[in-house]
Amino acid sequence: MYKLSPLNWNQTKSDSVIDLNKMCAIPFDPANTDYQTFKKEVLAGAELQDADGNVMTQEQADDFIKELP
Amino acid sequence: MTQAAALAQYGSTGVSQGFKNRIINGNMVIDQRNAGASVSITGGSTTYTVDRWAIFENGSMAFSAQRSTTAPTGFINSLLVTTTTGAAAGADDRSQLFQRIEGFNTADLNWGTANAKTVTLSFWVRSSLTGQFGGSLQNSNQDRSYPFSFTISSANTFEYKTITVAGDTSGTWLTDNSTGIQVLFDLGMGSNLLGTAGAWASADYRGATGDTKLSGTTNATLYLTGVQLEVGSTATSFDYRPYGTELALCQRYYQLSDTSPSVTVQYGGWIGTVYPSGTQAFGLGVFKVTMRSAPTITFYDETGAAGKVLQNGIAGGIAATAAGITVAAFNTCNRTSGTFTNGYPVLAGFTASAEL
């Protein structure tokens with residue numbers, strides 16, 4: 001289960017995602033193996049919440065993943 | 001090998017005395033995560049033991065692993081793997097001890113080209129079992145494999161083994177910050193993952209046909225140390241690097257804010273100032289060395305609770321995560337719910353992981 005990190009003062013979109021099971025922050029870096037796992041798991045149906053905690057539909061989640069690096 | 005032969009190899013094959021061993025922490029000394037404590041390995045996930053070394057298994061067997069002080073002459077540590085639950089391996093079951101070497105550190109081997117260089121893998125090994133054991137060298141896609149085998153002749157006795165491998169002239173071998181070469185030791189692979197020793201194959205082979213399955217015998221043990229992968233057709237003496245150098249090499253892939261993530265966060269960890277919104281705190285957490293990728297970060301409070309921070313003078317155990325993460329630093333702490341109190345610093349230890 002994942003949740004997008006909140007924006008900070010100079011951001012217009014999240015730069016990382018929170019793994020809610022492990023309570024760790026995973027940056028959107030294609031070389032990060034946890035990031036690679038996050039993308040695979042969400043595309044396979046794992047829950048993704050936006051930064052406000054709203055659960056994305058699978059279609060929304062898929063579209064979001066496709067926009068990531 | 002004689003000194004003259006060693007010097008000749010240095011001169012003729014481009015072996016550098018500065019980084020001849022492409023394996024990091026081959027002598028199993030650095031153990032940032034566990035500090036010598038035993039870890040359990042069960043079902044379907046990768047578990048890191050000593051730095052840079054991980055075990056994966058996906059069958060019904062189970063292992064424990066820890067840094068050991070049982071070691072051959074010239075070494076002070078080894079990695080001990082014990083089968084805590086022995087079980088037969090299914091055809092696709094995988095039990096493996098492995099290290100993934102970053103492509104930047106293997107780029108000069110020219111694997112995947114006609115100019116591929118020969119390498120030699122050497123190590124000290126000891127087991128309660130005897131017979132043929134094995135492993136494999138693989139590329140990142142695991143579609144090129146070189147199974148190797150070796151024989152342990154005497155139980156509970158360290159033996160020195162060397163494996164020379166002609167470089168692979170085929171396949172795709174990455175030369176960036178991704179996995180360049182995977183070095184695997186077979187702890188009990190299923191039959192579909194075993195291939196003929198001593199030859200390259202376009203297949204996912206993680207051991208050699210006929211390997212003894214450590215995973216099949218409860219309480220079986222395997223000790224490994226002095227692991228070295230070097231250019232050339234002859235194994236040379238182990239490349240002892242200064243402890244601080246070896247630690248820094250490990251920290252490119254995993255690092256703690258202090259000697260443990262919960263040690264006196266006021267001194268060794270991260271400190272931030274509460275932003276007026278109250279949900280975030282800002283402060284620069286600079287990594288000890290530049291990491292392989294922007295790392296996954298976990299905060300710890302002063303009790304060692306993961307995913308928690310301490311607001312000094314207010315409360316500990318506050319759920320929070322990091323953001324603003326690059327290969328060099330991070331700058332943000334996001335409170336999961338509620339708000340911080342303005343005027344009080346937020347403190348945390350942390351781990352940063354950029355493993356391959």
Side-chain angles (χ1 to χ4, degrees), chain A, chain B residues 45-46 54 100 102-104 140 174 176-179 253-254 261 272 275-277 279-282 285 291-301 305-309 317-337 348 350-356:
Chain A
M1 195 160 61
Y2 297 95
K3 179 182 178 183
L4 298 181
S5 294
L7 306 182
N8 69 20
W9 82 98
N10 64 351
Q11 291 177 324
T12 56
K13 58 183 180 180
S14 294
D15 65 358
S16 57
V17 66
I18 301 165
D19 180 332
L20 293 171
N21 296 319
K22 298 177 181 174
M23 278 302 288
C24 60
I26 302 168
F28 293 161
D29 180 342
N32 183 304
T33 52
D34 293 320
Y35 174 66
Q36 296 163 11
T37 300
F38 151 71
K39 290 205 293 186
K40 285 179 190 169
E41 289 188 351
V42 170
L43 289 174
E47 181 178 298
L48 176 61
Q49 302 173 9
D50 66 19
D52 294 323
N54 303 307
V55 178
M56 294 186 186
T57 64
Q58 188 63 49
E59 185 177 358
Q60 290 171 325
D62 290 349
D63 289 344
F64 180 82
I65 295 293
K66 287 172 187 167
E67 294 296 315
L68 291 174
Chain B
S45 63
T46 296
R100 294 179 175 135
E102 187 174 348
F104 283 133
S140 61
L174 301 180
D176 57 11
N177 64 340
S178 304
T179 297
Y253 306 92
Y254 180 87
Y275 196 65
S277 69
T279 60
Q280 295 178 313
F282 296 104
M291 302 202 72
R292 182 192 65 82
S293 68
T296 299
I297 292 181
T298 306
F299 281 135
Y300 292 81
D301 71 7
K308 303 289 176 62
V309 301
I318 300 170
T321 54
I325 305 165
T326 72
V327 296
F330 69 96
N331 65 11
T332 303
C333 169
N334 289 310
R335 187 166 171 152
T336 302
S337 63
F350 63 86
T351 59
S353 177
E355 292 287 1
L356 285 159

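The chains referred to below are lettered A, B, ... by the order of the sequence lines, with proteins before strands, and numbering in each begins at 1.
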To the nearest 0.5 Å, what is the distance between CG (B:N334) and NZ (A:K3)?
-> 9.0 Å
For A:S16 against B:A323, the heavy-atom pair lying closest together | OG-CB, 3.9 Å
Pick one of side chain, backbone, both or neither for B:N331, based on which atoms fall under 4.5 Å of a heavy atom in chain A.
-> side chain
Please state whether the side chain, the backbone, both or neither of A:L7 comes within less than 4.5 Å of a heavy atom of chain B.
-> backbone
For the candidates B:S353, B:A322, B:A320, B:A319, which exhibits the highest count of non-hydrogen atom pairs separated by less than 4.5 Å from chain A?
-> B:A322
So, B:E355 side chain and A:D34 main chain: donor-acceptor pair closer than 3.5 Å or not?
-> no
Against chain A, label B:T332 side chain, backbone, both or neither, depending on which of its atoms sit under 4.5 Å from a heavy atom there.
-> side chain
Can you tell me how far CG of B:L356 sits from CG of A:N32, rounded to the nearest 0.5 angstrom?
-> 10.5 Å
Compare every heavy atom of A:C24 with every heavy atom of B:T298, then report the nearest pair and how far apart it is.
-> OG1-CB, 3.1 Å
Sort out for me which of B:T326, B:T351, B:T321, B:V327 touches chain A most, counting heavy-atom pairs under 4.5 Å.
-> B:T321
What's the spacing between A:T33 OG1 and B:R292 CZ if we round to 0.5 Å?
-> 6.0 Å
Tell me, side chain or backbone of A:I26 under 4.5 Å from chain B's heavy atoms, or both, or neither?
-> both
Is it the side chain or the backbone of B:F282 that comes within 4.5 Å of chain A heavy atoms, both, or neither?
-> side chain
Check whether A:D15 gets within reach of chain B through its side chain, its backbone, both or neither, counting any heavy atom under 4.5 Å.
-> side chain
State, yes or no, whether a side-chain contact exists between B:T336 and A:M23 at a heavy-atom distance under 4.5 Å.
-> yes
